[in-house]
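Counting convention: from 1, in listed order, for ligands and their atoms alike. Model, not experiment: these values are computed from the prediction. Counting from 1, the numbers follow the sequence of the chain as shown.
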Amino acid sequence: MSLPDALGALLGDRCTSDPSAMAGYLEDERGLYQGVAACLVFPETTDEVAAIVKTCAEHGGSLVPQGGNTGYCGGATPSGDTQVLLNLSRLNRVRAIDQVGMTVTAEAGVVLANLHDAVEAEDLFFPLSMGSEGSCQLGGNLATNAGGLAVLKYGMAGELVLGLEVVLPDGSLLNTLKPLRKDNTGYHLKQLFLGAEGTLGIITAAVLKLFPRPTEFQTAWLSVSGIDAACQLLPLARRASGDCVTSFEYVSGKSMALLAQHVDGLKPPLAGDHHVLLELSGALPPGGLRPQLEDLLEQALDTGWAYDAVIAESLDQRRALWALRENIPEAEKRAGRSIKHDVSVPIADIPAYCEAAPHRLAALEPLRLSIYGHIGDGNLHYNVLAPEGADPAAFKADKGEAISRAVHDLAAEMGGSFSAEHGIGQLKTAELARYGDPAALELMRALKAAIDPAGRMNPGKLLG
Ligand SMILES: Cc1cc2nc3c(=O)[nH]c(=O)nc-3n(C[C@H](O)[C@H](O)[C@H](O)COP(=O)(O)OP(=O)(O)OC[C@H]3O[C@@H](n4cnc5c(N)ncnc54)[C@H](O)[C@@H]3O)c2cc1C
């Protein structure tokens, strides 16, 4: 019996090799990869995931886990006719919410926005948040150790995990699904799977930390004098707000111009070349953060770091400010797609990075920049687009590699990372081989060989 037939016998119509049914799952979010797979399966339980993995092993096949397929590095796109695309979207229950310990146990396929709704209905809060939250899934978030919009206060996805349930490459189950804050009983094995991009096992469920639901959000948009001023503002904002800064996003005037040009109805509330979207939040008595926000904006204006500022006076206005930030990737897409970079450097070095980078790119002009990102986390999306009127595909083919080399080399020279939050997937395997610490790469290969000796899990991704 062929592998698709064996999986069909196990799952019925939740296994398909029909090209038209598979098509929507085979292309990645950015349209960089067109995948190939033996079949597409939709397990509904952890036991079914284990049975699929065992069946695959018996037939010499391999597996590509897929969540919401919103990843930016092609990690969830299969690349061979012996590969099974395992989509987790039907393994999507919220199993338990613990009001006392403030935890939730949820399955990998729950969509992030649905997880928010489920815990908020219990007056609790799961802080992981990003532009793709209406589609991305918990398992994908954990497998990529996603960052997003509230890392400054709550940490990356992996820092929110207390326990994991993982189907290993031989079909056995690793169960650390405990809601314990403290458990120092040997190696912290769950860490291996956070950021492993499905190369070591399939995450089927997780226990996550929850927080009291914030009672107050204070959101402001500032026009600032430069990216150095934006960086100076961050510690001021943290101190002045009693360390209640949840998000601190930088948006360049160039990204705002792209937005205004390509996404109807979205215009920045203030003119200027440099902007900061700042949000304070907390579970505080009503009105608690407004005086602190006003005080810090006054200081920002007095120092000259900010030229002007607007405060969101309603939930709708808060959403409108966030829509500006969150629609930049869409604006880039409509402008012909960008050559994306996801670099990080120490926060204090961001101005030096932004000063040096255009010089490194000067020889590759003409080009357009779109610079924005989570500068409160030292993370910049230093994206490059073809000049107006040029063919984006030809521009990328001609200059893409040299542009990425310049952007990544500079980050590496400054002690930073070429991939701050989007991971490696199949897009950045060569970059990992180039910039990775040799000892770290050797250890990663040893771990891969020990846990997945037959190379069945997400072949070709991360380590290549
Ligand atoms: C508009 C937009 C905004 C975004 N903003 C951010 C942002 O702010 N921060 C950020 O970090 N990312 C961001 N992303 C990227 C992306 O949304 C995240 O990486 C997200 O965590 C991916 O989740 P997913 O469910 O779509 O995973 P997928 O794309 O389906 O998969 C990603 C990787 O995880 C693996 N995987 C998926 N599920 C599992 C599982 N259950 N077990 C093991 N491996 C698994 C896949 O094999 C693949 O390697 C954004 C994307 C878009 C389109």
Side-chain angles (χ1 to χ4, degrees), residues 25 27-31 33 35 43 46 49 53 62-79 83-92 106-115 128-151 156-158 164-169 174 192-206 247 249 322-323 325-333 340 342 344 372-374 377 379 381 419-429 452 457-463:
Y25 299 86
E27 191 182 18
D28 73 303
E29 163 72 28
R30 293 174 60 192
Y33 301 101
T46 299
V49 175
V53 173
S62 53
L63 286 141
V64 179
Q66 183 178 72
N69 199 20
T70 66
Y72 277 149
C73 299
T77 309
S79 57
Q83 298 187 5
V84 173
L85 182 57
L86 188 149
N87 184 291
L88 277 302
S89 56
R90 296 208 194 172
L91 187 68
N92 62 4
E107 293 178 344
V110 66
V111 170
L112 181 57
N114 295 346
L115 183 61
L128 186 70
S129 164
M130 62 195 77
S132 55
E133 64 195 29
S135 317
C136 67
Q137 299 172 10
L138 177 62
N141 300 147
L142 302 184
T144 56
N145 188 24
L149 305 170
V151 172
M156 305 277 281
L164 278 186
E165 181 185 84
V166 182
V167 174
L168 297 172
L174 175 76
L192 284 176
F193 301 91
L194 300 168
E197 301 183 36
T199 59
L200 298 179
I202 299 168
I203 298 170
T204 49
S247 305
E249 301 287 310
W322 273 108
R325 165 64 183 84
E326 287 175 350
N327 276 286
I328 299 170
E330 182 59 28
E332 290 179 354
K333 211 174 183 176
K340 285 188 188 298
D342 172 38
S344 62
Y372 62 96
H374 318 293
D377 315 322
N379 181 189
H381 299 313
S419 188
E421 64 173 8
H422 294 158
I424 305 295
Q426 51 185 308
L427 181 67
K428 297 185 184 170
T429 52
D452 182 20
M457 296 303 311
N458 217 353
K461 313 294 167 46
L462 210 154
L463 287 168

Protein contact to atom 27 (O) of ligand 1 [nearest heavy atom, distance to 0.1 Å]: Gly140 CA, 3.5 Å

Determine, using heavy atoms of Glu330 and all atoms of ligand 1, whether some pair is separated by less than 4.0 Å. no

Quick one: pull up CG in Asp452 and CG in Leu463 and give me the separation to the nearest 0.5 Å. 11.0 Å

Once rounded to the nearest 0.5 Å, what's the spacing between atom OG of Ser419 and atom CG of Leu427? 8.5 Å

Residue pair Ser89 / Gln137, side-chain donor-acceptor N/O under 3.5 Å: no

Donor + acceptor pair across side chains of Asn92, Glu107 (<3.5 Å): no

Would you mind listing which atoms of ligand 1 come within a distance below 4.0 Å of any non-hydrogen atom of Thr70? 15 (C), 16 (C), 17 (O), 20 (C), 22 (C), 23 (O), 24 (P), 26 (O), 29 (O), 51 (C), 53 (C)

Mark the output for Val64 as yes if a heavy-atom distance to ligand 1 is under 4.0 Å, and as no if none is. no

Below a 4.0 angstrom heavy-atom separation, can you tell me which part of Asn458, side chain or backbone, both or neither, approaches ligand 1? side chain

Heavy atom of Lys461, distance to ligand 1 below 4.0 Å: no

Any Gly201 heavy atom less than 4.0 Å to ligand 1: yes

For ligand 1, which atoms sit closer than 4.0 Å to a heavy atom of Ala143? 34 (O), 35 (C), 36 (N), 43 (C), 44 (N), 45 (C)

Is the closest heavy atom of Gly148 to ligand 1 under 4.0 Å? yes

